[in-house]
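These notes concern the structure reproduced below.
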Number of protein chains: 4
Amino acid sequence: MITTKVKDPDLVRKKQHQIFRGAMKVCRVKGFHNATIREIAKASGMSLGNIYDYIEKKEDILFLIHKEVLDQIYARMEKIIEKHEDSKDQFNIMFKELFSLTMTLKEEMLFIYTETKSLPKEYLHEVLKKESDFVNRYAKVIENSVRRGAFQCEKPELFANIVTFMSAILPLRGWNILQRNTPDEVCKVLLDMASNYLNQ
Amino acid sequence: MITTKVKDPDLVRKKQHQIFRGAMKVCRVKGFHNATIREIAKASGMSLGNIYDYIEKKEDILFLIHKEVLDQIYARMEKIIEKHEDSKDQFNIMFKELFSLTMTLKEEMLFIYTETKSLPKEYLHEVLKKESDFVNRYAKVIENSVRRGAFQCEKPELFANIVTFMSAILPLRGWNILQRNTPDEVCKVLLDMASNYLNQ
Amino acid sequence: MITTKVKDPDLVRKKQHQIFRGAMKVCRVKGFHNATIREIAKASGMSLGNIYDYIEKKEDILFLIHKEVLDQIYARMEKIIEKHEDSKDQFNIMFKELFSLTMTLKEEMLFIYTETKSLPKEYLHEVLKKESDFVNRYAKVIENSVRRGAFQCEKPELFANIVTFMSAILPLRGWNILQRNTPDEVCKVLLDMASNYLNQ
Amino acid sequence: MITTKVKDPDLVRKKQHQIFRGAMKVCRVKGFHNATIREIAKASGMSLGNIYDYIEKKEDILFLIHKEVLDQIYARMEKIIEKHEDSKDQFNIMFKELFSLTMTLKEEMLFIYTETKSLPKEYLHEVLKKESDFVNRYAKVIENSVRRGAFQCEKPELFANIVTFMSAILPLRGWNILQRNTPDEVCKVLLDMASNYLNQ
DNA sequence: AATGAATGAGAATTCATTCAT
DNA sequence: CATGAATGAATTCTCATTCAT
């Protein structure tokens, strides 16, 4: 997708990952717009020029971050789902783990939510596709449970979307909520809302 | 809070509002970081130099936007609350109106959610205070209902926080959700989740 | 033609002329491609940023130089023509003066001949038009003489083109020719060739 | 002249020719200054590093092009001269062939005329020497004819210089002249001017 | 108070050249 | 000898901010 000067795909993968890690390290602190390529290069342990052998423009790094973060989330979620797909209170366990995942990847989640709007149009489609896939995977699990009669849900896809959003509440509003509540308390309320709805 | 060259407070208010409107017009399209002061000046109908009589640095505009947007939301919400404070299904009506408000102010909401992290520390406190006030006002209403026995809620403040967050789902995730669902459908599911929880 | 940030046309004219002079000073020594904007700014007595209030990109300076140089040449030629339009050996005098003009503007002529190919397409048309006008003006004079029976020439426009080109021989080949010949000697031979042809 | 890492002179010759051909292919389109070594390497079918085994710096390529182009022109001209040295209207035929040669090598001629000024001083002498040789060879022919009484010319070397220059009119001014004249028409006028002069 | 020209630090990006393999 | 990844100096251009008018 990104046109690189270097052609060896293994090297490209490795270096782009290196760039992602350096970029994340810097952007976590000062945001993407205030991070300079120089800083990202230094944080990546690469030279300024070498970075440009693996990207074309700064915004490509934004895409790189999106891709890696979403892949990471998706991969972890996939593991969670696989682990619990057949368990009885599957939904509850999955929600808890997903909620805990967004806390672990707090910075990454926040980044995704706040920077996606700066993505060049050319990459937007691919990123949104990834997010949709993610939600759809979630929806599929819920659908299966509904089919098994485990609970009720008229619009699994919409519900999955909402639950995905809800589980990102701490990265986005933690500064306010965590002043008076613990993550566990938040998780419990959210889970109650969701499972009440499914069992209504 | 912002140190201005011009002293007449009425004029300052008027011009800062003018700046806010111009800035919002531009930032809505290209985001705060990609908007130049030149563009904002032009959109505000002010000269470049004159802008700097009412702000000190670009980030002041970020603060200006936060202040005005949050005040706007708060004011509108206040009206909504006042209108329905004593009605029976107060919560349902309020939620619907709040949800509809975030759709009306979609751009503004998105702006707040994505740009707050760029606010200079000096302003952060004031802004977060405003948001807290907003949530607390909401919480107060719920508390009253609980006290009246209208429904159950152990942590009104947390619940208010969650509901506030939930009602911002369309500005933040609309691009995905609205592909297959109407705003009304989304509102209905959210409201079901919330009121089920209150009446559990 | 060049989009400028500053709107006052008098100021634009003045500053663009200033840029032209600074640029010519630098490019004369090291050529356009090896001249940096920084150097040109310094030579123009302007700040780096201020230059960009009057041009959009470096290549605009190339256009600026073309415009000013061609205008200068054209203006001087016009004077020469007007002065001698009715004299008997008009052609000879004009040729001599034109030849001498290209020597005075040696650097400028060389610049035009060597850098026109680097002009952005968007400006090419305007510049070529100017050059054509120049040649056509020359052709017109010759045509008039032919009509008066002063001499013979079947293709005045082509002839004017050739003579224009010939009179630029010193800027382009002076390094070789002037090793063994004086400018006057060169002029004499060229003039003989041209006037023999007209009187053949 | 160019210091190379590789020592085998045959290989050096072969590879430098390869570089010249690649460079010409690229520079023809975008000029020397806008051509990158990367592009030239690719067009030469050589690797980036390998190029630097046969040159020291980019400007060496400029020299390479000059050398090869001038040698080519000189060789072709030599053939033309040899073929017609003893013929009666030797000059006319030679001029026509030379004129036609500059049209065949239009791009190359233009390149020489516009890029020589960028040559590093160290190479300038060698290149100008080549050009002088070229002109002198031409001058010699004319001198011989003069000696034979075929025609008159007081300064054969200057005349040869002028004629050489004149025959390059199309590469340099073709964009203007060819809009209304055919190459043959141009050649005829130039030849008339030159031979009139010789027979005056 | 208002205007907008001027300043210059700072950012992205390019590309000649080197060097390890 | 050949390869191409790596380096970093150099360059263009932007834009927040100042300041003379």
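Values reported hereafter were calculated over all heavy atoms of this structure, with side chains retained and with hydrogens, waters and symmetry mates removed. Note on naming: letters A, B, ... go to the chains in the order of the sequence lines (proteins, then strands), and numbering restarts at 1 for each one.
- For F:dA6, one of the phosphate oxygens OP1 or OP2 lies less than 4.0 angstrom from a side-chain nitrogen or oxygen of A:Tyr54.
- Between A:Tyr123 and A:Lys67, every side-chain heavy-atom pair lies at or beyond the 4.5 Å cut-off.
- Atom NZ of D:Lys42 and atom P of F:dG4 are 10 Å apart (whole Å).
- One interatomic measurement links the two molecules: CD of C:Glu39 to C1' of F:dA10, which rounds to 11 Å at whole-angstrom precision.
- Rounding to whole angstrom units, CG of residue C:Asp53 and C1' of E:dT3 are separated by 14 Å.
- Of the two residues contacting DNA chain F, namely C:Thr36 and D:Gly45, the nearest-nucleotide position lying further toward the 5' end is that of D:Gly45.
- One interatomic measurement links the two molecules: CG of A:Asn50 to P of E:dA16, which rounds to 17 Å at whole-angstrom precision.
- Around the NZ atom of C:Lys42, the shell of radius 6.0 Å holds no more than 12 heavy atoms that belong to other residues, nucleotides or ligands.
- Contacts of residues 6-32 of chain B with DNA chain E (heavy atom under 4.0 Å): B:Val6, B:Lys7, B:Asp8, B:Lys15.
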Could you go through nucleotides 17-21 of chain F and list every protein N or O atom that sits under 3.5 Å from one of its N or O atoms, giving the distance for each pair?
unit_1 : atom_1 : unit_2  : atom_2 : d
F:dT17 : OP2    : B:Tyr52 : OH     : 3.0
F:dT17 : OP2    : B:Lys58 : N      : 2.7

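- Here F:dA16 presents its P atom at 11 Å from CD1 of B:Ile51, a figure rounded to the nearest Å.
- A residue-by-residue look at C:Met46 and A:Asn34 shows that C:Met46 has its nearest nucleotide of DNA chain E further toward the 5' end.
- For B:Glu68 and B:Arg21, the salt-bridge test fails: no basic side-chain N is under 4.0 Å from an acidic carboxylate O.
- More than 12 heavy atoms of other shown residues, nucleotides or ligands fall within 6.0 angstrom of atom NZ in D:Lys117.
- C:Asp60 has its CG atom 12 Å from the C1' atom of F:dC13, to the nearest Å.
- Aromatic ring centres of C:His17 and C:Phe20: separated by under 6.0 Å.
- Rounded to an integer number of Å, the gap from NE2 of C:His33 to P of E:dA16 is 13 Å.
- Between the A:His66 side chain and the A:Leu62 main chain, a donor and an acceptor come within less than 3.5 Å of each other.
- Salt bridge present: C:Lys30 and C:Glu39 bring a charged side-chain N and a carboxylate O closer than 4.0 Å.
- Checking side-chain atoms of C:Gln16 against main-chain N and O of C:Tyr54 turns up a donor-acceptor pair under 3.5 Å.
- Residues A:Val6 and A:Lys15 are not in side-chain contact: their nearest non-hydrogen atoms beyond the backbone lie 4.5 Å or more apart.
- By the 4.0 Å N-to-carboxylate-O rule, C:Lys57 lies close enough to C:Glu122 to be salt-bridged with it.
- Within a 6.0 Å radius of CZ in A:Arg38, other residues, nucleotides and ligands contribute 12 heavy atoms or fewer.
- Within 4.0 Å of C:Ala41, counting heavy atoms only, lies no atom of the nucleic acid at all.
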- Item | Per-nucleotide pairing state of DNA chain F [Watson-Crick or G-U, under 3.5 Å; [ ] pseudoknot-crossing; | other strand] | .||||||||||||||||||||

